Amino acid sequence: MFDAVIRRLSRALARQKILSSLKDWGTSFSLWPVHFTTACCGSEFAASFCPRYDAERYGFLPFVGTRQCNVLFIEGTVTKKMAEAAKIVYEQMPEPKFVFAMGACAIDGGIFWNSYNIVRPHEILPVDVYIPGCPPRPEAILKSLTMEQEKIRKKVTPHPEN
Amino acid sequence: MSEEQTLELLIGPQHPGSGHMRLVAEMDGDVILNFEPNIGYVHRAVEKIAETKTYVQIIPLVERTSLPDTANHNLGYVLALERLLGIDAPLRAQYLRILLAEINRIHSHLYGMGIHGNMIGSTTMLMWAFGDREPFIELAQRLTGARLSYSYIIPGGVRRDLPQDFRNDALKALSYMERRLKDYDRIFVHNPVTLARLKGVGVINRIDAARIGVVGPNLRASGIAYDVRKIEPYCIYPDLDFEVVVRDEGDAHARLLVRIGEIEQSISMIRQILGKIPDGSILADRYLDLVPSRTRFEKRSSVKFPALFSGLKPSKGEAVSRVEASRGELFHYLVSDGSTHPYRFRIVTPSFKNLIAFKHALLGQKLADIPAVYGSLDYFPPEADR
Amino acid sequence: MKPKDRRAGKLLGLTGHMQAIRSGIEHIFKPRMTVLYPEVLQDLGPNYRGMLKLRIDICISCTLCARICPSNALKMVKVDVRKYPGITYQRCIFCGFCVDICPVDALEMSGSHDAACYTLGEQVLKPEDFSKDPVIEDKPRVKPLFDEKRGLRYESC
Amino acid sequence: MNVVEQLLQILLSPTIIIPLIFPGLLTTFLVIIFIAWFERKLTAKVQLRYGPLYVLKSLGGLPQLVADLLKFLFTEIIIPKGSDKKAFILSPIFLFTLSMLPVVAIPLSNSYAAFFSDLSLLLVLALLTITPIFMLLLGWSSNNKFSFIGSLRDGYLMMAYEIPMFVSILAMAVAYDTLDLVQVVGRQSSGLWGIALNPLAAITFFVAMLMTTARFPFDVAEAESELVIGPYTEYSGIIFVLCLGASYAKLSVLSLFFAEVFLGGWNPLIWPLTLNPILPGVAVFVKGLLVMGLCVFMRSIYPRFRIDQVLKLGWHTLFVLSVASVALSLGIVWVLGF
């Protein structure tokens, strides 16, 4: 009884425009990627935090644990062995969570398109933003960030494909 | 020891100190009893895919095994392919190859140092090293047109000539790097906390290092002066004056110091190359003649590929090449059956050779030494898994 | 299995501590390395291997680009009577082989490489779309210059 | 009207304002937000980059921590299956409250404190001593190997810092001949601050303070490269913020304490500070913020120690230093004849 009241109340509160826009503002400036390096694009991902590009300007802080982060950055190829881990990591993260697919390998396999051991991430995870390139430039990563921030704030439909 | 007394820790693949693999550590209190790196998380079947691609298409493929160290991987493959084709690159192209390889060695070592710093908690070292990689990445980008995946070295030569002002820019970047190495010394390399964390940790002694087959800077930190650039010189290394950096301690700190020493050597090598690079063609005449004359490279800064490159057919046979990549000796083996695709392609990567050092160096160490040793070995999982 | 003998090192290396702290304080006053990306764009240099563009009017449909593409990103697509290359950035690895092998210079590389998209479909370009200029945002540009003291500095151009 | 006036009087009485507004919950909250932002900005500056910026560019990204807080407020709270639910939820709350509680015992001027005690010097430290128990509970209830090891390390760490900290404060108590913080500050009104009187105790206390609040190079309990984030590994959402906030709250309390014991508190009591009993408190806070700034600066300089090295440092060096500081204080008392 009490639980139900609380739940209804909190839902009604969350639907309020001010609260939801506050939430969107907070979330969009606090995208924390989880430390999960799937393949070699990780070296350019790290470079996007380096002093030359400094993704932390957007509040994009690479953090350590899955429970505290809300962004899963697929950095390059996902092999079959890594795909299981990627799914577990995604499930461990709290809502709301976002998935970025970085690099050609994470979109359609890139140069490894005919390898027997790769998985296309959009088949197993709901990807929000795709970043082409092999590896993409750090600028492209920053651009994907701004795009995702806009998407969160303006409430674009999260997954138009599904 | 019974199971209740030990604790099995699974570190990775999602873990700040793991990289792209899982480390299984069996702990007794704070001491590591058993250590198993579980690899294969980045196995993308590079060698198998190579059998479905033509010889030139494999150039970007071999680079992807080790993204921070693409130039050396590219060079190793092309040397093997050139032996199969029976051609040699002109002297200027050879100089340009080694120029790129040494630039790449510098920024690859900086990458390793940055990761090492982060592993033991110094985010400043990570940021500085990654920030100071950028001038060298920028140099390589001016030369090749890409940040990391250069695909610069092709059979018979290189793709682009030196851009204008490259010499001045490179000299500036080099003297900047020399200045920065002193900053690193102060804040990281000789920081008392770093010394406490790295000295005497993860020791691989001389005999063990030779026995288990460690390669590259990790081997040289154990006191063995083994460097393919000296032992079996390729390209223009015989003409260059450099030393093999060796240290005797064999611990994590020695490996760090060897990398810094190699950065210094690479700086001096790039200075020598820039000083005595000869003029001339950058693609072997055999291929240059096949290119339509109006697109020859004399009229532009980059070479045109002859149409032949879409289906190179080396004669039957096999070829090997050894190069000293940033992480150690890199070995390529190529078998041709006379068709456009290789019959068999095999890479022995330095990271795979160094993998065994984990197990060896970490037994009996503390839990906190796992990242310290992992960082010091400069292990890059995609390179080992291929 | 005995833990290895180890030296903990000198914990009170005072000069080391002082040097580290001094170096830290010095760097507070040094100029930053950051290029403020979304406000300014970096000039990537004349021969940067960025997004591709097809000049469909001079393409001779020789298929060499599709044959050398290492990742099968370029495919020949039939337009009217002839076949022209179309590209999918889902796979393109920006190696530039297609540009270098093109016998008539119908493919060229642009200096733009900062792309990202929400959906998969946007990345597949048919020859007609492929022959349009890649979208380059109109923002002030800076040129990275080498500097002995700062490594890289940026000058607007 | 009478009721309203009475209500106002109750609300504005020091017993309410001190724990809730100044220097209590609200001020501590603001200080935590500021210092966490300052830590990120300062680290970024040493690393030659910007740090948080675009959240509000004109203020240099000052509301970054507000954004982070809002995000955590609205994220799902995951309670792992194998955890002890009550302990899992309650221990961060206790941890945060207990880390902040000592603030009430810190007087901000001669007449402004939640309650005056003859033993406030001890009270602050005694209240802080309880927190590691909840840290242990936190790690144990998560049912995660990394949190467990992390909280054990925190327990070990307590052994290393607790005794030097107490002994160094004992040295100051001997030098000042009092256990009351108001009197401690009063003794420093001559201009001879504690840090000049007994520098050994100040250094010992500062290092012990770094250990208590898990600042670099002693953040072995949260060592991210081996233990994800130590005891807090399984925490998400707003209770994670409480966990993380607890260490900053501790830092803020200890910095105020440091400012009072070693940096002369609200001394020198010059003109604008004498106008209102709250104003000296601002001076204490400014000094406290400086100490906090110094503490968070360590992040950009040092890597982290290993746990056995920290214990060794605590027992071999700090303990000896703290005993030496007591001897120094005794010498001072003997020579100066306080």
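Not measured: the values here are computed from a predicted model.
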If you define the side chain from C-beta out and look only at heavy atoms, does anything of B:Lys304 sit under 4.5 Å from C:Cys102?
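Side-chain contact under 4.5 Å: yes.
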Answer with yes or no whether the side chains of C:Tyr48 and C:Asp43 bring together a donor and an acceptor at under 3.5 Å.
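No, because no side-chain N or O of C:Asp43 sits under 3.5 Å from a partner of the opposite role on C:Tyr48.
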Under a 4.0 Å threshold between the charged nitrogen and the carboxylate oxygen, would C:Lys139 count as salt-bridged to C:Glu39?
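Here C:Glu39 does not pair with C:Lys139 in a salt bridge, since their nearest N and O are not under 4.0 Å apart.
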If I take atom CZ from residue C:Phe146 and atom OG from residue B:Ser175, how far apart are they, to the nearest 0.5 angstrom?
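Reported to 0.5 Å precision, the distance equals 11.5 Å.
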Under 4.5 Å, counting heavy-atom pairs only, tell me which of [options] racks up the most with chain C.
options	result
B:Arg64, B:Glu63, B:Arg186	B:Arg186
B:Arg180, B:Arg179, B:Lys53	B:Arg179
B:Asp185, B:Val56, B:Asn191	B:Val56

With only heavy atoms counted, which part of [X] is less than 4.5 Å from chain B, the side chain, the backbone, both or neither?
X	value
C:Cys65	neither
C:Arg150	backbone
C:Leu44	both
C:Asp147	backbone

Mind running side-chain hydrogen bond (donor to acceptor under 3.5 Å, both in side chains) on B:His73 and B:Thr65 for me, showing each step along the way?
CA-CA 8 Å; B:His73 279 248; B:Thr65 53; 3.1 Å; yes
Identified side chain to side chain donor-acceptor pair (under 3.5 Å) partner of B:Glu134 from the options B:His107, B:Arg147, B:Gln141:
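Running side chain to side chain donor-acceptor pair (under 3.5 Å) over B:His107, B:Arg147, B:Gln141 with B:Glu134 returns exactly one hit, B:Arg147.
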Ring centre gap for B:Phe309 and B:Tyr55 strictly below 6.0 Å:
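No; B:Tyr55 has its ring centre 6.0 Å or more from that of B:Phe309.
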Please flag which part of [X] lies under 4.5 Å from any non-hydrogen atom of chain C: side chain, backbone, both or neither.
X	answer
B:Leu139	both
B:Pro306	backbone
B:Phe188	neither

May I ask you to decide if the ring planes of B:Phe345 and B:Tyr77 are parallel, tilted or perpendicular, using 30° and 60° as cut-offs?
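Because their plane-to-plane angle is over 60°, the rings of B:Phe345 and B:Tyr77 count as perpendicular.
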Looking at C:Thr34, C:Ile93, C:Ile21, which has the largest count of heavy-atom pairs under 4.5 Å with chain B?
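Highest number of heavy-atom pairs under 4.5 Å: C:Ile93.
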